[in-house]
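Report on the following structure.
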Amino acid sequence: MGSATREALAGSKAALAELGRADLPVAEALLAAGRVIGESAHLRTALIDTEADVAQKRALVEAVFGSRIPAEAASLLVSAASRRWSSGDDFLAGIEEIGIRVAADSAPDDVDLDAELLAFERAVANDAELELALGSKLGETAAKTQIVDRLLTGKASPQTVVIVRHLVQQPRGRRIGELLRHGASVVADQRGFDIATVTSAVPLTAAQLGRLEQGLAVQAGRRVRFDTIVDPAVLGGIRVQIGDDVIDGSVASRLSSLRQKLAG
């Protein structure tokens with residue numbers, strides 16, 4: 001992510017903070033608008049044109065979407081378009097992130113959206129047929145959304161359904177597992193904590209997780225929630241990942257490092 005995009009995203013998040021808590025239909029409309037923009041290179045280019053001013057971009061948003069999207073969604077879209085993005089794809093990523101953040105804000109405090117998204121990610125990872133159906137580039141979008149509706153409607157929160165429906169409709173080259181993990185991390189960030197993916201050969205005890213949580217919270221500077229994975233292939237020790245940061249203290253990693261040294 002380039003510096004221009006980081007600044008643009010920061011500005012878009014600031015606009016969201018000024019807007020305050022919005023309803024789920026705003027998130028749904030913003031994500032849908034992002035998909036429309038993603039299908040039109042001409043529209044995408046016009047919206048991120050640095051020569052056009054805010055008034056021109058607002059007029060373009062009104063001309064394309066009119067009253068089909070709530071005023072709050074239109075305002076956030078114009079705010080995003082008024083920033084300086086490194087590329088059209090970064091602009092789409094920014095719209096997506098703001099939409100997911102709005103969805104996170106719209107959920108009741110007792111609904112763990114990140115946990116629902118990660119639970120679905122694990123279900124998909126454990127079912128090769130389902131993973132292919134949702135992740136195949138050859139699959140029809142309508143069929144993918146029907147699968148999401150069948151599996152999640154009534155079983156997960158409406159916010160999770162909206163987020164997953166969007167992700168399978170606009171993957172932008174990402175695998176389904178990556179999409180769901182990204183969605184969970186954005187939700188977590190909006191709610192003020194990080195997700196730490198902890199991989200170990202055997203399940204960790206509550207006491208071990210407690211000590212690990214304290215250490216990671218101090219390092220991260222805010223709350224941490226765990227996504228635990230048991231993988232005998234790590235042999236022993238643990239591997240912790242928070243975003244792009246990885247702490248690999250697994251036996252498998254140390255053996256791999258030793259083999260490389262011996263080979264050298």
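Everything numeric in this text was worked out from a predicted model, so none of it was measured.
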Are [X] and [Y] grouped together when hydrophobic residues (ILVMFWY) are joined by side-chain heavy atoms under 4.5 angstrom apart?
X: Leu76; Y: Phe65; answer: yes
X: Val161; Y: Ile163; answer: yes
X: Val78; Y: Leu9; answer: yes
X: Leu117; Y: Phe226; answer: no

[X] with [Y]: basic N within carboxylate O range, under 4.0 Å:
X: Arg122; Y: Asp227; value: yes
X: Arg172; Y: Asp89; value: yes
X: Arg101; Y: Glu97; value: yes
X: Arg225; Y: Asp112; value: yes

For this session: Please step through salt bridge (charged side-chain N to carboxylate O under 4.0 Å, His left out) for the pair Asp149 and Lys144, ending with a clear verdict.
Result: CA-CA 9 Å; Asp149 289 341; Lys144 294 179 181 180; over 6 Å; no
Summary of ring pair (Phe, Tyr, Trp, His ring centres under 6.0 Å) pairs that have at least one residue in residues 69-108, sequence neighbours excluded: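 Only Trp85-Phe91 qualify under ring pair (Phe, Tyr, Trp, His ring centres under 6.0 Å).
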Quiz item: Rounded to the nearest 0.5 Å, what separation is found between the CD1 atom of Ile100 and the NE2 atom of His182?
Solution: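 Between Ile100 CD1 and His182 NE2, I get 5.0 Å after rounding to 0.5 Å.
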- Query: How far does CD1 of Ile176 sit from CG of Leu132, to the nearest 0.5 angstrom?
  - Reply: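 Ile176 atom CD1 to Leu132 atom CG measures 11.5 Å (nearest 0.5 Å).
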request  = Begin with the C-alpha distance, continue with both residues' side-chain angles, and end with the deciding distance and a verdict on side-chain hydrogen bond (donor to acceptor under 3.5 Å, both in side chains) for Thr160 and Ser157.
outcome  = CA-CA 5 Å; Thr160 292; Ser157 65; 3.1 Å; yes
Please evaluate residues Ser79 and Arg83 with respect to the criterion side-chain hydrogen bond (donor to acceptor under 3.5 Å, both in side chains), reporting the C-alpha separation (whole Å), side-chain torsions for both, the decisive distance (0.1 Å), and the verdict. CA-CA 7 Å; Ser79 175; Arg83 315 291 170 182; 3.0 Å; yes
Should Leu152 and Phe120 be marked as a side-chain contact (heavy atoms from CB on, under 4.5 Å) after you check the CA-CA gap, both sets of side-chain angles, and the distance that decides it?
CA-CA 9 Å; Leu152 293 180; Phe120 189 61; 3.8 Å; yes
(message) With side-chain hydrogen bond (donor to acceptor under 3.5 Å, both in side chains) as the test, pick out the partner of Asp105 among Arg21, Gln190, Arg191.
(response)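 Between Asp105 and the candidates, side-chain hydrogen bond (donor to acceptor under 3.5 Å, both in side chains) is satisfied uniquely by Gln190.
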Q.
Show, in sequence, the C-alpha distance, side-chain angles and deciding distance for Ser106 and Gln159, and conclude whether the side-chain hydrogen bond (donor to acceptor under 3.5 Å, both in side chains) test is met.
A. CA-CA 8 Å; Ser106 74; Gln159 288 80 5; 3.2 Å; yes
Quiz item: Is there a side-chain contact between Thr141 and Val168 (heavy atoms, below 4.5 Å)?
Solution: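 Side-chain contact under 4.5 Å: no.
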When you compare the side chain of Thr228 with that of Thr199, does any pair of heavy atoms fall below 4.5 Å?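 No, their side chains stay 4.5 Å or more apart.
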- Partners passing side-chain hydrogen bond (donor to acceptor under 3.5 Å, both in side chains) against Arg174 (at least two apart in sequence or in another chain):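 For Arg174 the side-chain hydrogen bond (donor to acceptor under 3.5 Å, both in side chains) partners, ignoring immediate neighbours, are Glu96.
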